[in-house]
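Notes for the one structure printed next.
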Amino acid sequence: MRILLVEDEENIQDVIKLNLEMEEYEVVAADNGKDALKYAKEQHFDLLILDVMLPEVDGFQICEQVRLTNREVPIMFLTAKDTAQDRISGLKKGADDYLTKPFNLEELLLRVNNLIKRTSKSPENTPEEYEFGNNWVNFATYEAKGNPGHFTLTKKEAMLLKLLVDRRGEVVSRQQILQSVWGYDVYPSTRTIDNFILSFRKYFEADPKNPEYFLSVRGVGYKFIDE
C-alpha cells in the first residue's frame, strides 16, 4: 500500500514516515503543496495524509484538486488547525478523517489502517483461463484465441488484460495501470497504454472501432465489460 505524506515540518515528517514504513507501507513524502499535487496526479496512492498549512498550495486546496478527478482515494488531514470550523471545512472539502496535532502515534497508525482497509477492494479471483464472447485467454501461458485465431500475448499484455478482467465493470485509472503493470521504474507515455488497448480491440473485438469489451473513460482510464 502506497501513502502520500505531505508535511513541511521535517522532524514530524521523518517520524511519521519511519513509523508508516515500519508498518510496511510504501511512503512518498512531500514538504510543499505543489509537489504533492504533482505526485498525486502522476502516481497511484492508497491514502493521502495532508497537513493544512503548507508552502505553495495548502492542504485544503490539495484535497479539492484531488477530489476533482479521484473520489475514491482516502484523505486524512493531520494538522494543528484544531477548531470545529477547521474540521468542518476539511470534511466538506472531501476528507475522510481529520486528526489534530499534537497527536498520538498509535492512534494515527490505527486510523491509517482503518481508512485503507475500509476503502481497499480485493480484486475478483479470476481463474487461470478466462472466456468472454468468442475469446479465450490463459493467463499462465499467455496463450489466447480471438480475431487472429490462436496467438500468444506478451507478458505486459497478459498483465494488463488480467488487471482489467480482475476489475471488470470498474474504471481502472492510468495510475493503477502504471503501478500494477509497469511499476514506477519505467514511465510509459499515455500513448503506450492507449496502444495496448487498441491491440486488445484488434485481438478480441468484433468491431474494433465500436468496442463492447474494452472501453475508454475519457480523462480517467479504461473499463472492461463482460456481460
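On a predicted model such as this, the values are computed, not experimentally measured, just so you know. What you see below is based on every heavy atom in this structure, not just the backbone, and it leaves out hydrogens, waters and symmetry mates.
When atom types are taken as modelled, the side chain of Glu205 and the backbone of Glu212 share a donor-acceptor pair closer than 3.5 angstrom. Between the Lys145 side chain and the Asn134 main chain, a donor and an acceptor come within less than 3.5 Å of each other. With Asn135 contributing its side chain and Phe204 its backbone, the two residues share a donor-acceptor pair below 3.5 Å. A donor-acceptor contact shorter than 3.5 Å is absent between the side chain of Asp58 and the backbone of Val52.
No side-chain heavy atom of Val137 sits under 4.5 Å from any side-chain heavy atom of Val165. Between Glu107 and Leu110, the closest side-chain pair of non-hydrogen atoms is not below 4.5 Å. Side-chain atoms of Ile62 and Ile75, non-hydrogen and from C-beta on, never get closer than 4.5 Å to each other. At a threshold of 4.5 Å between non-hydrogen side-chain atoms, the residues Met76 and Val112 count as touching. Within the 4.5 Å cutoff, the side chain of Ser216 has heavy atoms near those of the Arg201 side chain.
When hydrophobic clusters are built by joining Ile, Leu, Val, Met, Phe, Trp and Tyr residues whose side-chain heavy atoms come closer than 4.5 Å, directly or via intermediates, Ile197 is not grouped with Leu215.
By the ring pair (Phe, Tyr, Trp, His ring centres under 6.0 Å) test, Tyr203 pairs with Phe151, sequence neighbours left out. Checked against side chain to side chain contact (heavy atoms under 4.5 Å, CB included), Asp207 has the following partners two or more places apart in sequence or in another chain: Lys209, Asn210. In this view, Phe200 and Phe214 satisfy the ring pair (Phe, Tyr, Trp, His ring centres under 6.0 Å) rule, not counting sequence neighbours. Contacts of Glu9 classified as side chain to side chain contact (heavy atoms under 4.5 Å, CB included), with partners at least two apart in sequence or in another chain: Glu7, Asn11, Ile12, Lys101. For Asn32, the side chain to side chain contact (heavy atoms under 4.5 Å, CB included) partners are Lys34, Asp35, Pro55, Glu56, not counting sequence neighbours.
Taking every heavy atom of both residues into account, Val6 and Ala36 meet most closely at CG2-CB, 3.6 Å. Scanning both residues, Leu5 and Lys17, for their nearest heavy atoms gives CD2-N, 3.9 Å. In terms of heavy-atom proximity, Gly33 sits nearest to Leu54 at N-CB, 4.3 Å.
For the pairing with Trp136, the side-chain hydrogen bond (donor to acceptor under 3.5 Å, both in side chains) check across Glu131, His150, Glu129 returns one residue only, Glu129.
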Identify each donor-acceptor pair in which a side-chain atom of residues 87-95 lies under 3.5 Å from a protein atom, sequence neighbours left out, and give them as a table.
{"unit_1": "Ser89", "atom_1": "OG", "unit_2": "Gln85", "atom_2": "O", "d": "3.0"}
{"unit_1": "Lys93", "atom_1": "NZ", "unit_2": "Glu64", "atom_2": "OE2", "d": "3.2"}

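Annotation: the span from Leu78 atom CG to Gln13 atom CD amounts to 12.0 Å, rounded to 0.5 Å. With rounding to the nearest 0.5 Å, the separation of CG in Leu160 from OG1 in Thr154 is 9.0 Å.
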Please walk me through it: do Asn19 and Leu108 pass side-chain contact (heavy atoms from CB on, under 4.5 Å)?
CA-CA 10 Å; Asn19 280 273; Leu108 171 64; over 6 Å; no

Take Asn113 and Glu23 through the test side-chain contact (heavy atoms from CB on, under 4.5 Å) and record every step on the way to the result.
CA-CA 9 Å; Asn113 183 56; Glu23 296 292 316; over 6 Å; no

Could you check Ile116 against Ile3 for side-chain contact (heavy atoms from CB on, under 4.5 Å), going step by step and ending with a plain yes or no?
CA-CA 10 Å; Ile116 288 179; Ile3 295 175; 4.2 Å; yes

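No more than 12 heavy atoms of other residues, nucleotides or ligands lie within 6.0 Å of CD in Glu10, so this atom counts as exposed by the packing criterion.
Geometrically, Arg168 does not engage Phe224 in a cation-pi contact, judged by NZ or CZ lying under 6.0 Å from the ring centre and within 45° of the ring axis.
The aromatic rings of Phe77 and Tyr98 lie tilted to each other, with the angle between the two planes from 30° to 60°.
Between the side chains of Asp226 and Tyr130, at least one donor-acceptor pair of N or O atoms lies under 3.5 Å.
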